[in-house]
Student: 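Here it is, the structure, as structure tokens.
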Amino acid sequence: MSETKRSMPTTHEKLERLRRTRAHLQLGGGAKRAERQHESGKLTARERLDLLIDDQTFQELFLFARHRCTDFGMADKEMPGEGVVTGGGTVDGRQVYVASQDFTVAGGSVGEIHANKICQTMDLALKCGVPFVSINDSGGARIQEGIDALSGYGKIFYRNVLLSGVVPQISIIAGPCAGGAAYSPALMDFVIMVRGTAEMFITGPQVVKQVTGEEVSAQTLGGADAQMQSGVVHFIAENDDDAIRICKELLSYLPANNLEDPPDYGDGDLVLIENKWLNGVIPDDPREAYDVKPIIARLVDNGEFLEIQPHFAPNAVIALSRLNGRTIGVVANQPAVMAGVLDINASDKISGFVRFCNAFNIPLVTLIDVPGFLPGVSQEKGGIIRHGAKMLFAYGAATVPKISIVLRKAYGGAYLAMCGKDLGCDRVASWPTGEIAVMGAEGAVNIVYREQIKESEDPAAARSDFIREYSERFASPYVGAARNLIDDIIEPSQTRRYLSLALESLRTKRELRPQKKHGLVPL
Ligand code: HXC
């Protein structure tokens with residue numbers, strides 16, 4: 001045997017090397033850094049994936065990736081896995097692709113090869129038509145890599161756009177996510193953020209202090225509660241486990257891609273049960289508030305719905321739920337908050353959700369009790385016209401089955417913006433308490449009967465007589481029903497039956513629109 005041959009590693013040695021290297025790389029930044037991660041209340045990148053992905057189904061990709069940066073003493077710096085774990089696996093038996101940033105390796109910072117791992121994983125999600133889940137825990141662009149890191153982010157953002165509307169994209173923010181890095185989650189469909197351990201902002205507290213002089217903590221500036229109120233975050237999780245639980249629940253409602261229907265958990269039977277409680281839910285006094293959420297619970301399967309953005313624009317409720325085992329998107333005004341009026345934030349919240357549901361074949365059920373758009377200087381200056389128009393656009397453009405139920409007030413443009421009949425709604429039913437009118441009776445009377453009220457001996461009494469007369473004549477569902485703007489007036493107790501039959505009959509709905517690149521939603 002020649003010298004050369006003797007010095008060549010044997011197959012056994014090669015296997016040993018592979019096992020050693022793999023085990024080493026899988027440790028990421030090592031035990032000490034993992035411990036630090038735990039001490040700060042966080043799980044490691046792999047622990048998060050273990051919770052998310054079904055046992056034995058994870059196929060890791062690009063474990064052996066290495067950066068090629070030589071600046072700032074980086075040439076010999078080892079970064080196991082390049083600071084991100086990527087691959088595919090199943091969640092409750094359904095395929096997804098994932099990227100989980102590893103904070104124990106250079107703070108999960110994003111360099112050229114780190115970004116390439118994420119991009120290739122996103123490309124696979126797109127080609128295979130399955131959801132992409134990203135778990136963010138990163139110090140941002142890897143500073144030593146300069147514009148190569150910046151370019152990596154650009155490639156990720158570009159793919160976020162390519163995947164948008166084709167496969168669901170879910171982002172979990174489980175650590176820092178600062179600067180431009182925050183724009184990838186912002187381009188995705190849902191953001192789940194962990195309270196206390198995650199921070200998300202364009203510029204951190206130090207820069208804010210330098211630029212504006214404001215002193216603010218990182219959590220106040222960009223914690224989960226702050227970013228829920230800004231409308232960036234959709235779900236707040238109490239810890240990493242909770243974030244994964246929410247992600248799995250969310251995925252259970254969604255189709256794998258835009259060409260599929262959402263999963264069907266039903267047994268084929270329609271549930272047509274009556275619920276007498278609903279007959280007494282609307283107060284006699286039209287100005288009295290009530291909570292719409294218990295109404296939603298009584299209409300859907302097992303009373304269960306996943307509310308989205310509960311603390312952003314709480315005057316509107318949006319939720320994913322199921323009817324007869326199949327996913328629906330629920331939109332409702334919330335009379336318990338600001339009388340359910342539509343403001344700028346509620347308009348953004350609803351229109352974004354309607355567009356998501358339409359992109360992923362989720363029928364829309366809209367519960368209407370809306371007194372109008374919110375009047376006021378700040379709303380006008382903030383662009384309530386532009387924002388409200390998004391709702392009209394979103395509902396008008398949506399071709400999924402659209403069913404609206406008028407519970408009480410349905411006034412003016414706000415009624416149309418909540419998917420009134422003329423917005424291409426497939427079914428509109430009203431409860432007998434419905435008041436479909438061009439505007440509220442009080443406002444209408446002040447305009448139409450202004451002179452009569454002024455000239456009457458008792459203006460207050462005359463005004464209330466006119467209000468009663470106007471309400472009886474116009475603010476009822478019968479006028480709309482007479483003009484076929486309302487398909488039916490139903491007893492509230494029969495609403496579940498109405499929705500079940502309507503959805504069933506609309507299952508085969510196909511609505512084609514003129515070919516175009518895309519519509520111009522007011523932004
Ligand atoms: C390289 C980084 C890094 C980064 C953290 N690290 N962020 N390395 N590039 N961006 C490294 C640290 O040097 C440290 O390495 C390890 O990760 C852990 O970081 P710590 O600071 O010890 O952790 P902690 O105290 O928890 O603080 C976390 C942090 C802080 C708040 C994220 O690290 C931080 O402020 N990092 C810089 C954030 C930043 O300015 N990023 C660039 C923004 S520019 P060692 O080896 O010492 O353990 C940007 C532009 C993107 O993102 C544009 C996209 C369009």
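Start at 1 and go down the list; that is how both ligands and their atoms are numbered.
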Student: Is there a donor-acceptor pair under 3.5 Å between the side chain of Ser40 and the backbone N or O of Arg36?
Tutor: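 Present.
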Student: Any Lys/Arg nitrogen of Arg33 or Glu35 sitting under 4.0 Å from an Asp/Glu carboxylate oxygen of the other?
Tutor: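 Not counted as a salt bridge, because no side-chain N and carboxylate O are separated by less than 4.0 Å.
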Student: Taking NZ, NE, NH1 and NH2 as the nitrogens, is one of them in Lys42 or Asp240 under 4.0 Å from a carboxylate oxygen of the other?
Tutor: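 A salt bridge is absent here (no side-chain N lies under 4.0 Å from a carboxylate O).
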Student: For Glu215, give me all partners under side chain to side chain contact (heavy atoms under 4.5 Å, CB included), at least two apart in sequence or on another chain.
Tutor: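 Partners of Glu215 under the side chain to side chain contact (heavy atoms under 4.5 Å, CB included) test: Lys209.
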Student: Side chain to side chain donor-acceptor pair (under 3.5 Å): which pairs involve residues 364-374, sequence neighbours left out?
Tutor: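 Those involving residues 364-374 are Tyr290-Asp369, Thr366-Tyr395, Asp369-Arg408.
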Student: Mind checking what residues have non-hydrogen atoms under 4.0 angstrom from ligand 1?
Tutor: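 Under the 4.0 Å cut-off, ligand 1 touches Arg33, Arg36, Phe103, Ala106, Gly107, Ser109, Gly139, Gly140, Ala141, Arg142, Ile143, Gln144, Leu150, Tyr153, Phe157, Pro176, Gly180.
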Student: Please name all residues satisfying ring-ring contact (aromatic ring centres under 6.0 Å, His included) with Tyr97, sequence neighbours left out, ordered by chain then number.
Tutor: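 Listed in chain order: nothing, the list is empty.
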